[in-house]
Amino acid sequence: MTSLLNRIRARVAGEAAPDPDPLVTDLQAALAPDRVANDSAARSLLSHDASVFEGGNAGPICYPLTTDEVAHIMGIAERHGRAVVPRGAGTGLAGGAIPLGAPVVIAMTKMNHILDIDVANEIAWVEPGVINLDLTNHLRPRGYHFAPDPSSQQVCTIGGNVANNSGGPHCLAYGVTNAHVVALEVVTASGEILHLGGIEAEPPGYDLRGVFVGSEGTLGIATKVAVRLTRNRPAVRTLLLSFDSVRDAANTVSAVIAAGIVPAAMEVMDQRITVAVENYVHAGYPTDAAAVLLAEVDGLDEGIDIDADRIREIGEDNGATNVRLAADDTERALLWKGRKTAFGAIAQIAPDYYLHDTVVPRSKLADVLEQVYAIADKYELLVMNVFHAGDGNLHPLLIFDGREDGVLDRVHAAGGEIITASLDAGGVLSGEHGIGVEKQKFMDRMFTDDDLDHQNRVRKAFDPVCRSNPGKVMPTGHSCADIQQLRAVPKDIWG
Amino acid sequence: MTALLTNSDPVLAAFAEEIGADGPIAIEGKRTRWDIGGALHDSTRVLRAPAGVVEYVPEEMTVTVRAGTPVNELQAVLAADGQRTGLPERGGTVGGAIAVGHNDHRMLGRGAVRTSVLQVRYVSAEGRLVSGGGPTVKNVTGFDLPRLMAGSLGTLGCLAEFILRTNPVPAVSQWYCASDADPFLAYRAVLAPSAVLWDGAQTWAQLEGHGVDVASQAQALRAVGSFTEADAPAAPTGHRWSLRPSDLASIDGYETGAYTAVVGVGTVFAEKAQPQRRIDPAIAIVAQRVKDQYDPLGRLNPGRQVGGW
């Protein structure tokens with residue numbers, strides 16, 4: 001939508017045409033009128049992401065096609081004293097893409113080309129708007145894939161994966177996004193175009209690439225990404241283990257790791273979520289088990305049989321009531337479909353859910369899960385657990401109906417206690433969703449003032465006036481000029 | 001109290017006290033790579049970091065270790081429980097290996113130094129003890145200070161302690177050697193070699209994993225050359241070059257002298273030095289801003305520079 005359209009509509013409605021906003025005029029001149037949206041519907045839509053956070057307030061939305069256009073947008077925003085917020089598919093769960101203070105939203109979804117697949121160096125250059133699963137599908141015929149596979153991989157973008165240092169079930173063996181990005185072209189808030197990292201063995205200088213990945217759009221915006229290609233494994237075995245208790249499943253996970261086996265993935269689902277999933281996709285999950293463990297090993301045929309047998313034995317030693325090996329690719333795909341659509345399955349139970357994301361030492365999984373159930377009981381909430389057990393990454397889902405009076409207060413209180421329980425067990429605030437606006441207030445539970453000050457120095461080195469995605473990650477009081485930036489534009493300026 | 005907020009460790013506090021807040025300071029390990037990044041300014045106070053393995057949790061595959069610990073001591077502790085790290089063993093310390101950030105020549109099998117570091121503790125230019133990262137194997141909480149500190153040559157903070165990710169030692173580890181193989185075909189013939197080295201004549205490949213897999217992969221190697229079992233080659237030495245993996249195919253075009261190249265990675269250990277790589281001027285500006293943020297008075301490892309700008 002363009003402001004021109006708005007004015008025509010206003011004229012049709014008999015209203016006086018509003019004066020064109022000079023910021024929007026400049027952005028339209030730099031891009032194209034149809035790639036700058038400023039109507040209230042678009043701004044309202046992009047004021048949200050997949051998180052539950054309200055209070056977003058998008059300014060004009062730009063859809064650049066090139067790095068130079070992104071640099072132009074940065075320059076225009078700077079001249080008009082506006083912050084910028086990068087955005088991919090908006091699937092983030094920590095509110096990282098929520099615009100605060102009517103910033104210019106830079107939606108990267110039209111920069112969605114796979115630029116070069118360089119098999120000789122086992123990398124691919126892609127634009128940030130490329131969809132995660134599209135990249136993997138594109139690579140498959142060449143025998144490669146992009147290893148990070150978040151549950152949202154059918155819609156989330158590589159740029160979003162870079163911003164959040166995204167994970168996924170198969171990051172247990174292969175590592176999260178930071179291990180799979182070798183170089184980046186980025187534009188900082190002041191319009192500098194930087195080339196971070198490199199495809200040579202050991203790029204010179206500080207590892208600014210490594211710091212940029214996971215910075216949630218606060219250091220700038222990635223415009224090209226060189227991702228590492230992971231060779232497809234010729235063979236895979238997927239095991240489904242059933243247990244009478246979540247504790248047995250968690251102990252099995254811990255014992256597998258302790259035995260020196262690093263499976264490609266180890267995912268646990270409790271009975272409530274398993275039943276929901278089974279009703280939803282009919283994947284063949286046992287609905288009478290208190291917990292199921294989906295364990296996958298990949299590699300060469302004979303070796304993975306050894307690992308699969310060992311996992312079966314360890315499971316049985318820890319009380320597995322049933323162990324099933326997926327018979328073929330169809331069964332395997334169905335089991336994974338169940339796991340990856342778990343969050344969609346929740347809709348049958350209640351209209352709303354709040355998905356948490358903390359990490360605990362693997363040996364503490366069982367204890368912390370018990371606390372999670374107790375916390376949910378205390379706040380009279382339904383909790384379901386489906387999580388990346390192999391690396392201790394918990395994802396408790398608090399299920400509720402937002403129309404119920406006061407329920408959100410209970411959800412937030414329970415969430416706070418879950419975070420506390422995870423930290424007390426020696427864990428961390430986030431395994432893969434990031435901090436965004438969700439967990440800023442907990443940062444000082446994990447870090448001292450000195451620690452936070454040192455994190456903020458990275459921010460200041462890239463973006464001295466904090467115009468890139470202000471109000472995120474760092475808690476208030478630790479984030480340089482964020483507060484001034486947000487105050488510079490009254491919340492209701494865009495109506 | 002969470003694991004991260006325990007900045008009251010008396011050993012680290014004493015280290016911070018010793019570093020203080022004034023005057024040029026450098027931390028030495030074993031001086032195995034002392035010349036990297038330039039000559040240390042005279043009159044710089046040189047200290048050693050605390051040493052020792054603080055906590056090793058094999059079932060978590062993590063180890064907490066002080067920076068002054070010799071790498072071989074750390075590896076010996078881990079080996080007793082069937083584990084290892086990605087840090088190269090070059091006679092130096094853990095802190096030195098991470099400050100330099102160079103990967104082991106068997107990086108494909110052991111992982112990169114940078115991805116090994118889950119948490120870092122260092123003493124800042126202001127003499128304060130700072131923690132970055134976290135104790136778990138997966139963590140995206142806040143900015144990734146471990147990445148910044150790995151390879152920073154101690155120019156941003158005095159490295160004191162790390163939590164490192166460990167890996168299981170494979171059941172079988174075997175080197176193979178051939179003098180008639182195309183090293184690039186050998187690299188592609190096997191699924192996940194732990195190392196493929198090439199000196200222009202001979203190709204060495206290290207295969208690791210279950211015995212059955214190593215045997216079948218050795219067969220795959222033999223399809224591209226007369227590979228036979230061999231002792232581990234000596235760790236390559238010489239000047240370190242950093243090239244793109246694809247550049248190794250035209251390595252004769254570089255003035256390396258005698259060399260050992262790490263196929264699939266791009267590192268080359270050569271008789272002659274690589275011409276100095278200058279970082280992009282735009283990056284140099286940001287790098288200087290990073291340095292100014294962490295060390296505004298230039299007291300940390302003065303004379304040393306990371307990457308040259």
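Given the structure is predicted, the values throughout are model-derived calculations rather than measurements.
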What part of [X] gets closer than 4.5 Å to chain A, counting heavy atoms only: side chain, backbone, both or neither?
X	result
Asp280(B)	side chain
Ser152(B)	both
Arg114(B)	side chain
Gln83(B)	neither
Tyr187(B)	both
Leu243(B)	backbone
Val120(B)	neither

Between [atom1] of [X] and [atom2] of [Y], what distance do you get to the nearest 0.5 Å?
X	Y	atom1	atom2	value
Leu394(A)	Lys364(A)	CG	NZ	12.5 Å
Leu207(B)	Leu221(B)	CG	CG	5.0 Å
Asp391(A)	Asn139(B)	CG	CG	11.5 Å
Trp241(B)	Leu248(B)	CH2	CG	11.5 Å
Arg459(A)	Thr218(A)	CZ	OG1	4.5 Å

Only pairs of heavy atoms separated by less than 4.5 Å count here; which of [options] has the most with chain A?
options	value
Gln293(B), Glu59(B), Arg244(B)	Gln293(B)
Asp144(B), Leu145(B), Ile283(B), Leu191(B)	Leu191(B)
Lys138(B), Glu126(B), Met107(B)	Lys138(B)
Val137(B), Asp292(B), Val169(B)	Val137(B)
Val262(B), Leu148(B), Thr115(B)	Leu148(B)
Thr62(B), Leu156(B), Thr267(B), Asp247(B)	Leu156(B)

Main chain of [Y], side chain of [X]: is a donor-acceptor contact present, judged purely on distance under 3.5 Å?
X	Y	value
Gln217(B)	Pro193(B)	no
Glu216(A)	Gly436(A)	yes
Asp207(A)	Gly210(A)	yes

Options [options], ranked by heavy-atom pairs under 4.5 Å with chain B, top entry:
options	answer
Val473(A), Ile306(A), Ile193(A)	Ile306(A)
Asn178(A), Val176(A), Val119(A)	Asn178(A)
Ser166(A), Ala258(A), Gly392(A), Ser254(A)	Ala258(A)
Arg231(A), Glu122(A), Glu192(A)	Arg231(A)
Gly299(A), Ala179(A), Gly434(A), Ser363(A)	Ser363(A)
Arg209(A), Arg362(A), His195(A)	Arg362(A)

Go through the atoms of [X] and report whether side chain, backbone, both or neither lie under 4.5 Å from a heavy atom of chain B.
X	answer
Val262(A)	side chain
Leu208(A)	side chain
His388(A)	side chain
Ser422(A)	neither

(request) Evaluate the ring planes of Phe212(A) and Phe462(A), with Trp represented by its six-membered ring, and classify them as parallel (under 30°), tilted (30 to 60°) or perpendicular (over 60°). (result)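 The rings of Phe212(A) and Phe462(A) sit tilted, inter-plane angle from 30° to 60°.
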(message) Given Asp357(A), which partner from the list Leu93(A), Asn393(A), Ile419(A) fulfils the side-chain contact (heavy atoms from CB on, under 4.5 Å) test?
(response)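 Among Leu93(A), Asn393(A), Ile419(A), the one meeting side-chain contact (heavy atoms from CB on, under 4.5 Å) with Asp357(A) is Asn393(A).
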(request) Please determine if Arg106(B) and Glu208(B) form a salt bridge, counting it only when a charged side-chain N lies under 4.0 Å from a carboxylate O. (result) no
(request) Answer yes or no: is there a side-chain heavy-atom contact under 4.5 Å between Val57(B) and Val63(B)? (result)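 Val57(B) vs Val63(B): side chains apart.
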(message) So if I apply the side chain to side chain donor-acceptor pair (under 3.5 Å) rule between Arg128(B) and each of Asp450(A), Asp451(A), Asp453(A), which one comes out positive?
(response)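 Among the candidates, only Asp450(A) passes.
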